[in-house]
Asks: 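I have a structure I would like to understand better, so I am pasting it below and will then ask my questions one at a time.
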Amino acid sequence: MKSSWCVWFFSIFVSLPGFAQVMDRDIGSAPSQLVSTPLPVHASRETTVPAFSHPEAIVSNPLSDWLRKRGINFLVDNTNEFAGAITKPTRGTTPGFENYKQGASNAGQYAMQLDVDWEKLAGLRGFATHMITVGRYGTTANRMFGDWLNHASEDYGGGGNVVVHLVYMYGEETLYGGRLAIAAGRMSEISDFAASPLFCNFQNGSFCGRPKGITDTNFDAGYPAATWGFRVRGRPVRSVYVQTGVYPIENGIYQVYQHRTGFKFNGANIIGYAAPIETAWEPVFGHGTLPGHYKFGAQLFSTPQTDNYYDLYDGSYAESGLAHKKRSASWSTWVMLDQQLLHYRAKGSGMTAMTGLIYNDPHTSLRRYLVYGALINRGFLKSRPYDTLGFSLTYTKIASGVSRSEAALIRKGQSLPNHATGVQQDAVVMEFNYAIHVVKGVIFTPLFEYYIHPNAQYNLRDAALLGFKSHIQFM
C-alpha cells in the first residue's frame, strides 16, 4: 500500500473509526467485509494477516488497544430490534386466523467476537482464527399477522434460546498479500458467499443478514448457524476474486434438537454436501471514491429433497395423497450488485444503490426467486456525516408447484404446509429507516416496514409496522 489513495481506501473498509460507526460494521460482518475489499493498487506479495475490524466503542478501552497490538481482537456488542403493527390483521374462524392479532414485539442479540492473529502471537505467518458467540432473546412481530416468510426483526431465531450459542469458529491462512485465502472449521457459508456488509443497514429479515431467498433451504448454513466447511478464495487480479468451497449439509442446523448451543461437532447428522462457487468484479470509480461490487454465484446441494408438486408417479401429491417425488439434488443461483453513486465530504459517506436476483430450483424451493433493491444514503447532511437514510424493497415469488399444491389441498379440505392459511403466490416487503449516530459507538434507527401479501397470501391484509433498531458497541 504505497500510494496515498490505497491507504485511504483500505482504512475506509477496515479500520477508520468514523466509518466503523454504522451498522454495516457490527459483529458478524467481518467475513463479508474481507470479501468486499479488493487488493490495493500496489499490493505487496508478503504473507500476512489482514487487519481485523476495529469498530468504534462507547468507552475508550486501553485493554483492547493493548490486546490488539499483540494480535488479539475482542469485541462485544448488542443489537436490539423492536417492531409493532399499526394495522389490524385479518381475522376469522378458520384454524390459524383466530390467533392473529395486532401487537408489538422485541428481539435482539448480544454478541462476542474473538479474532487472533497468530502471526503476531506465535510467529505463524498469515494465520488467524475467528470465533463468534451470540445470545438471542425475544420474538418477532410478523407471525402476529400471519407471515412466516420474512421476520420483522432479523435478530430472531437460530440462537437456541441459550446464554451462549456458537456461531462459527475457524482458521484462515492468507497468502501472497491477500491473493489466496484458505479457511476451514465451523463456518457459516452465507457469511462468505452471497454476502455483503451492507444488508444489515436494515432490520427486516427479507433483507438483513442476506436476502432470505438464498437460505430458502434449511440445508444452507447462514448466520447464526454453521457447519463444518472448507473455503478457498483467490484474487487473480486486484479487482476480481473467485471463491469456492465444500460444506457438509447437517440436518436440522436451524433447529434446537441438533444445534441448540452450536457446540455439537460430531457430524452424525451430515446428510450431504453443498458446493458453492462465486466470482465478483470490485471496481473503484471516481478516483478511488466510488466502490462497487458485482457478484455472480451458484451452489449445488447433493442431498435429495422432496418435490414441491409431484408424487412418486409424476402426479400431484396433493391430489393423490402419495409420497412426494424425491429429487436427487437441487441448486441455487444469484446475482448481487452494489455501486456507490455519490461521494460526500466525510470519509465513508455517499449514496449507494443495491440490487440483485436469487433464483432457486423451482422443483424443490419455496421461494422460486427473490428480487431486491435498496438505496443507502450516508452523510447527505453535512452536519450529520454518519447518519444514514435507507430504503429497501424485496419481491418474493413462490414456486408454482407450491401454489398449485396448496390450491389442491384447500379443495380437499386439508391443512397446508409453510404455516399457510391460503394459497401462497408472491409478497413484497419494504423498509424505510434513518440511522442516527447518537454518540460514540451508539446507533439508533427509527424505521417503517410494510408487508404486501404477508406470507405471500392474497387473503391476508397488508401490514404496516413502526419500530427501531439500536446498536451499541461496548468494546
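Residue indices begin at 1 and follow the sequence shown. Any value given below was found using the heavy atoms of this structure, including those in side chains, with hydrogens, waters and symmetry copies removed.
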Asks: Apply side chain to side chain donor-acceptor pair (under 3.5 Å) to Q203 and list each qualifying residue two or more places apart in sequence or on a separate chain.
Replies: none
Asks: Let's go through Q305 and S330 carefully: what are the C-alpha distance in whole Å and the side-chain angles of both, what is the deciding distance for side-chain hydrogen bond (donor to acceptor under 3.5 Å, both in side chains) to 0.1 Å, and is it a yes or a no?
Replies: CA-CA 7 Å; Q305 297 190 51; S330 62; 2.6 Å; yes
Asks: Let me confirm one number: the CG-CD1 distance from L389 to I376, rounded to the nearest 0.5 Å.
Replies: 10.5 Å
Asks: Where the side chain of N455 meets the backbone of Q457, is there a donor-acceptor pair that is under 3.5 Å apart?
Replies: no
Asks: Quick check: does any side chain N or O of T279 sit under 3.5 Å from a backbone N or O of Y241, one acting as donor and the other as acceptor?
Replies: yes
Asks: Only pairs at least two apart or in different chains count here, so list each ring pair (Phe, Tyr, Trp, His ring centres under 6.0 Å) that has a residue in residues 164-198.
Replies: H130-Y170, Y168-Y170
Asks: Does some side-chain heavy atom of Q102 sit less than 4.5 Å from a side-chain heavy atom of P89?
Replies: yes
Asks: Using a 3.5 Å distance criterion without hydrogens, assess whether the side chain of N308 forms a donor-acceptor pair with backbone atoms of P362.
Replies: yes
Asks: Minimum heavy-atom separation for V246 to P248, with atom names?
Replies: O-CD, 3.9 Å
Asks: Using the rule salt bridge (Lys or Arg N to Asp or Glu O under 4.0 Å), only one of E173, E172, E189 pairs with R231; which is it?
Replies: E172
Asks: If you measure from CG on N106 to OG on S153, what distance do you get to the nearest 0.5 Å?
Replies: 7.0 Å
Asks: Just so I know, are the side chains of T421 and Y100 near enough to count as touching, which here means a heavy-atom distance under 4.5 Å?
Replies: yes
Asks: Angle class for the Y372/F199 ring planes (parallel below 30°, perpendicular above 60°, tilted otherwise)?
Replies: perpendicular
Asks: For the residue pair P224 and V134, what are the closest heavy atoms and their distance?
Replies: CB-CG2, 4.4 Å
Asks: Would you confirm whether T48, through its side chain, and G126, through its main-chain N or O, come within 3.5 Å as a donor-acceptor pair?
Replies: no
Asks: Nearest 0.5 Å please: distance from the CG atom of D192 over to the CZ atom of R233.
Replies: 5.0 Å
Asks: Test F207 against F202 for ring pair (Phe, Tyr, Trp, His ring centres under 6.0 Å), laying out the working first.
Replies: CA-CA 7 Å; F207 202 84; F202 301 91; 5.1 Å; yes
Asks: Where the side chain of N142 meets the backbone of A152, is there a donor-acceptor pair that is under 3.5 Å apart?
Replies: yes
Asks: Taking the side chain as everything from C-beta on, heavy atoms only, tell me whether F145 gets closer than 4.5 Å to Y451.
Replies: yes
Asks: State whether the number of non-hydrogen atoms from other residues, nucleotides or ligands found under 6.0 Å of Y344 atom OH is greater than 12.
Replies: yes
Asks: Is a donor from one side chain sitting under 3.5 angstrom from an acceptor on the other, for Y156 and R136?
Replies: no
Asks: Which pairs with one or both residues in residues 208-217 pass side-chain hydrogen bond (donor to acceptor under 3.5 Å, both in side chains), sequence neighbours excluded?
Replies: D216-R367
Asks: List the steps, then state whether side-chain hydrogen bond (donor to acceptor under 3.5 Å, both in side chains) holds for Y294 with Q339.
Replies: CA-CA 8 Å; Y294 299 77; Q339 178 63 57; 2.8 Å; yes
Asks: Using the ring of each side chain (for Trp, its six-membered ring), is F82 parallel, tilted or perpendicular to F468, with breaks at 30° and 60°?
Replies: parallel
Asks: Please give me the minimum heavy-atom distance between L300 and A329, naming the atom from each residue.
Replies: CD1-CB, 4.2 Å
Asks: If you define the side chain from C-beta out and look only at heavy atoms, does anything of D426 sit under 4.5 Å from Y458?
Replies: yes
Asks: Please name the pair of heavy atoms, one in N73 and one in S53, separated by the smallest distance, quoted to 0.1 Å.
Replies: ND2-O, 3.1 Å
Asks: For side chain to side chain contact (heavy atoms under 4.5 Å, CB included), just list the numbers for L175 and R179, CA-CA rounded to whole Å, side-chain angles, deciding distance to a tenth of an Å, and then say yes or no.
Replies: CA-CA 6 Å; L175 303 165; R179 290 171 176 79; over 6 Å; no
Asks: Rounded to the nearest 0.5 Å, what's the gap from OG on S206 to CG on L393? Could you check?
Replies: 8.5 Å
Asks: Do S403 and Q425 get their side chains close enough for a donor-acceptor pair, meaning under 3.5 Å?
Replies: no
Asks: Closest approach of V49 and D117, non-hydrogen atoms and distance?
Replies: CG2-OD1, 3.3 Å
Asks: Given side chains that start at C-beta, do those of N251 and I249 come closer than 4.5 Å, heavy atoms only?
Replies: no
Asks: Nearest 0.5 Å please: distance from the NZ atom of K397 over to the OH atom of Y395.
Replies: 5.0 Å
Asks: Mark yes or no for whether S239, through its side chain, and W281, through its backbone, hold a donor-acceptor pair below 3.5 Å.
Replies: no
Asks: Does a side-chain heavy-atom distance below 4.5 Å link Y110 with N80?
Replies: no
Asks: Do E81 and K469 sit within salt-bridge range, that is, some charged N less than 4.0 Å from a carboxylate O?
Replies: yes
Asks: Does a salt bridge link R378 with D387, judged by any charged N lying under 4.0 Å from a carboxylate O?
Replies: no
Asks: Could you please spell out the steps behind the side-chain hydrogen bond (donor to acceptor under 3.5 Å, both in side chains) verdict for Y247 and D220?
Replies: CA-CA 9 Å; Y247 297 82; D220 217 351; over 6 Å; no
Asks: Y223 vs I190, test: side chain to side chain contact (heavy atoms under 4.5 Å, CB included). Steps then yes/no.
Replies: CA-CA 7 Å; Y223 189 105; I190 308 304; over 6 Å; no
Asks: Can you tell if the side chain of Q340 reaches within under 4.5 Å of the side chain of M351, non-hydrogen atoms only?
Replies: no
Asks: Step by step, work out the side-chain hydrogen bond (donor to acceptor under 3.5 Å, both in side chains) result for H471 and D77.
Replies: CA-CA 7 Å; H471 178 255; D77 76 355; 2.8 Å; yes
Asks: Could you measure the distance from the CE atom of M336 to the CG atom of L198? Nearest 0.5 Å is fine.
Replies: 11.5 Å
Asks: Side chains of N204 and E154: is there a donor and an acceptor less than 3.5 Å apart?
Replies: no
Asks: Side chain of S188, backbone of A225: donor and acceptor closer than 3.5 Å?
Replies: yes
Asks: Check step by step if side chain to side chain contact (heavy atoms under 4.5 Å, CB included) holds for H293 and V35.
Replies: CA-CA 10 Å; H293 306 89; V35 177; over 6 Å; no
Asks: Between S32 and S29 (side chain of the first, backbone of the second, donor and acceptor by atom type, cut-off under 3.5 Å), is there such a pair?
Replies: yes
Asks: Just checking N161: does its CG atom have more than 12 heavy atoms from other residues, nucleotides or ligands closer to it than 6.0 angstrom?
Replies: no
Asks: Any non-hydrogen side-chain atom of Q109 less than 4.5 Å from a side-chain atom of N78?
Replies: no
Asks: List the steps, then state whether side chain to side chain contact (heavy atoms under 4.5 Å, CB included) holds for V442 with I58.
Replies: CA-CA 7 Å; V442 178; I58 58 175; 3.4 Å; yes
Asks: Taking E278 for the side chain and A194 for the main chain, is one N or O donor matched with an acceptor at less than 3.5 Å?
Replies: yes
Asks: Where is the tightest heavy-atom contact between P446 and I436, given as atom of each residue plus distance?
Replies: CD-CD1, 4.1 Å
Asks: Look only at the side chain of Q299 and the backbone of S332, and say whether a donor-acceptor pair between them is shorter than 3.5 Å.
Replies: no
